[in-house]
Amino acid sequence: MHATRPLQTLLVGGMLFFPSPTAGQDDIRRVSMSEALELFNRNSLALRIARADSSAAIGSARQTRAYPNPAFTFVREDLDRSDDDYWESTIGVTQQVEWPGRTSARRRAATHLVEGAAATFRADSLRLAFEVREVWIRAWLAEETERTVEETAGLIRIAADAADRRLESGDISAFETRRLRLERVRVERDLLTARLAARAARRTLSTLVAPGGEGAEVGPAAGPGGTPPAVAQTEAVDALAVRPDIEAAVLNLEAARAQRDAASTGWVPDPTVSLGYKDQADGFSGLSFGIGLPVPLFDRRGGAHDLATARAASAAALLDLRRREAENDVLAATERYVAVRDQLGSFGEAIMTDAEGLIEAAQTAYGEGELTLLELLDAARTYRDARAGAATLRSEAWIGYYDVMRAMGRDPEEER
């Protein structure tokens with residue numbers, strides 16, 4: 001990364017001006033991107049919600065494959081007539097027996113649903129981690145913007161104060177003085193906006209990585225350095241097959257088809273088998289066996305079959321939709337990234353070099369009387385815009401890279 005530096009010492013109206021650093025940064029917690037991601041993994045409320053939703057889906061899927069429980073019974077009958085007593089005791093067990101094809105279909109559906117829930121959680125984790133990276137970089141950009149505006153504001157404050165003294169001595173015109181005063185008002189408003197934006201960005205980062213901080217601010221320890229790696233569009237498109245949300249859609253389709261297979265046998269009722277042992281007062285005892293079979297007279301489970309068929313069709317259409325959306329997502333992300341990365345490589349370093357050369361030349365020319373004060377201020381504004389533009393270009397390039405990794409379903413940390 002090209003090292004940015006504040007405006008150098010400036011001679012204004014015979015006075016040396018040293019731009020002051022941005023104040024009020026002592027109570028900000030500084031973290032690197034890797035530290036921010038580590039805090040996110042430990043503290044993120046959104047990640048907890050995604051993990052809980054995944055666990056709930058997995059638990060629900062596991063429950064659908066549970067086999068019916070047996071029922072144990074004990075019956076004691078005490079009878080009497082006049083002085084005669086009679087009793088019977090029966091101990092038995094009843095078990096609903098599911099047809100093997102239905103059981104295997106339910107288990108296949110449950111297995112696919114469990115795997116699909118895990119894939120969905122991976123997709124949510126990648127998406128949330130990208131948000132952390134994006135917010136971290138935008139917080140750095142907001143602070144860079146604040147520092148740049150602070151430098152320009154400091155210059156204009158000193159210049160405006162010096163202009164009042166120079167007006168009294170006749171060194172500058174009233175027009176230049178009024179222009180400086182208006183410029184000072186404008187830059188003070190810009191500085192306030194930049195400070196509020198930086199604080200809001202740090203609070204947003206804090207919400208993602210340290211939600212229990214009660215309003216504390218978390219800021220980047222350092223900015224993104226260097227140029228992000230190149231990513232070919234063909235490589236990004238080829239990665240769609242392993243994208244977690246696509247994997248989840250495939251598994252959910254397989255689960256829906258298995259549920260449809262199970263529902264297609266619904267018209268065949270499950271028998272109930274009972275086995276028991278009976279003991280009577282007259283000494284007779286023995287085993288008892290029974291079987292119960294519901295008659296599909298009023299309910300042939302046709303609605304359940306239609307429901308499962310419709311859900312399978314919906315899951316198939318959803319998979320096609322997810323694939324199309326993912327392809328568009330990857331293509332758009334890579335196109336944006338390639339464009340901004342090319343700009344960073346072509347202009348990123350040159351912007352800062354030219355801007356620093358411009359402000360240094362302007363200060364020299366002003367000190368030698370070859371440049372007016374307003375021309376110097378115009379050069380300072382150009383420097384500010386160039387520095388902010390270079391920082392924006394670098395931040396957008398890195399955000400674009402992380403966005404491509406998200407669209408490919410990859411963790412950037414694993415690519416290094």
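Just so it is clear, the values below take in all heavy atoms, side chains as well, and ignore hydrogens, waters and symmetry mates. Sequential numbering from 1 along the given sequence is applied to the chain's residues.
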Would a 4.5 Å heavy-atom cut-off, applied to side chains only, mark [X] and [Y] as touching?
| X | Y | value |
| --- | --- | --- |
| Leu126 | Pro244 | yes |
| Arg30 | Pro220 | yes |
| Pro229 | Tyr401 | yes |
| Arg384 | Val187 | yes |
| Ser89 | Lys278 | no |
| Pro228 | Leu344 | yes |
| Thr94 | Val273 | no |
| Ile246 | Leu240 | no |

Taking [X] for its side chain and [Y] for its backbone only, find out whether a donor-acceptor pair lies under 3.5 Å.
| X | Y | result |
| --- | --- | --- |
| Arg243 | Ala407 | yes |
| Thr309 | His305 | yes |
| Trp140 | Ala391 | no |
| Trp136 | Gly219 | no |
| Ser395 | Thr392 | yes |
| Ser60 | Ala57 | no |
| Gln343 | Ala397 | no |
| Ser104 | Gly101 | yes |
| Thr111 | Arg107 | yes |
| Tyr86 | Gln280 | no |

Looking at every heavy atom in both [X] and [Y], which two are closest together, and how far apart are they?
| X | Y | answer |
| --- | --- | --- |
| Leu287 | Tyr277 | CD2-CD1, 4.0 Å |
| Val135 | Leu208 | CG2-CD1, 3.6 Å |
| Ser206 | Ala216 | OG-O, 2.9 Å |
| Ala262 | Arg106 | CB-CG, 4.2 Å |
| Asn252 | Gly116 | OD1-CA, 4.3 Å |
| Val330 | Val237 | CG1-N, 3.8 Å |

With salt bridge (charged side-chain N to carboxylate O under 4.0 Å, His left out) as the test, would you mind laying out the steps for Asp270 and Arg102 before giving the verdict? CA-CA 10 Å; Asp270 292 325; Arg102 188 177 305 163; 2.6 Å; yes
With the threshold set at 4.0 Å, does a side-chain nitrogen-carboxylate oxygen contact exist between [X] and [Y]?
| X | Y | value |
| --- | --- | --- |
| Asp329 | Arg406 | yes |
| Arg51 | Asp124 | no |
| Glu188 | Arg157 | yes |
| Arg323 | Glu327 | no |
| Glu235 | Arg410 | yes |
| Arg336 | Glu396 | no |
| Asp190 | Arg186 | yes |
| Glu217 | Arg199 | yes |

To the nearest 0.5 Å, what is the distance between [atom1] ([X]) and [atom2] ([Y])?
| X | Y | atom1 | atom2 | answer |
| --- | --- | --- | --- | --- |
| Glu88 | Asp78 | CD | CG | 10.0 Å |
| Phe130 | Asp403 | CZ | CG | 4.0 Å |
| Leu128 | Asn41 | CG | CG | 10.0 Å |
| Leu192 | Glu146 | CG | CD | 10.5 Å |
| Glu115 | Leu251 | CD | CG | 5.5 Å |
| Ser274 | Gln96 | OG | CD | 13.0 Å |

Show your reasoning for whether side chain to side chain contact (heavy atoms under 4.5 Å, CB included) applies to Thr334 and Met408. CA-CA 10 Å; Thr334 52; Met408 294 171 64; 5.8 Å; no
Tell me whether the count of non-hydrogen atoms from other residues, nucleotides or ligands lying under 6.0 Å of CZ in Arg381 goes above 12.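 It does: Arg381 CZ has more than 12 such atoms within range.
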Step through the shown structure and confirm whether more than 12 heavy atoms of other residues, nucleotides or ligands are within 6.0 Å of CZ on Phe289. yes
Taking Arg147 as the fixed residue, which of Glu151, Glu150, Glu144 is the one that meets the salt bridge (charged side-chain N to carboxylate O under 4.0 Å, His left out) rule?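 The option that passes is Glu144.
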Take Ile399 and Arg138 through the side chain to side chain contact (heavy atoms under 4.5 Å, CB included) test and state the conclusion after the steps. CA-CA 9 Å; Ile399 291 175; Arg138 294 204 182 281; 3.5 Å; yes
Between Arg127 and Glu131, is the salt bridge (charged side-chain N to carboxylate O under 4.0 Å, His left out) condition met? List the steps. CA-CA 6 Å; Arg127 174 181 55 82; Glu131 291 181 8; 3.5 Å; yes
With under 30° as parallel and over 60° as perpendicular, where do the rings of Tyr402 and Trp398 fit, or are they tilted in between? tilted
Evaluate salt bridge (charged side-chain N to carboxylate O under 4.0 Å, His left out) for Arg133 paired with Asp411, printing each intermediate quantity in order. CA-CA 11 Å; Arg133 293 183 175 96; Asp411 185 351; 3.2 Å; yes
Let's go through Arg29 and Leu39 carefully: what are the C-alpha distance in whole Å and the side-chain angles of both, what is the deciding distance for side chain to side chain contact (heavy atoms under 4.5 Å, CB included) to 0.1 Å, and is it a yes or a no? CA-CA 12 Å; Arg29 182 179 181 181; Leu39 289 171; 3.6 Å; yes
Which is it for Arg108 and Glu254 under the salt bridge (charged side-chain N to carboxylate O under 4.0 Å, His left out) test, yes or no, and what are the steps along the way? CA-CA 8 Å; Arg108 287 200 314 273; Glu254 294 299 323; over 6 Å; no
CA sep, side-chain torsions, deciding dist, call: Arg394, Leu141, side chain to side chain contact (heavy atoms under 4.5 Å, CB included): CA-CA 9 Å; Arg394 184 170 300 281; Leu141 176 61; over 6 Å; no
Report yes or no: is the cationic atom of Arg76 (NZ for Lys, CZ for Arg) closer than 6.0 Å to the six-membered ring centre of Trp87, at no more than 45° off its axis? yes
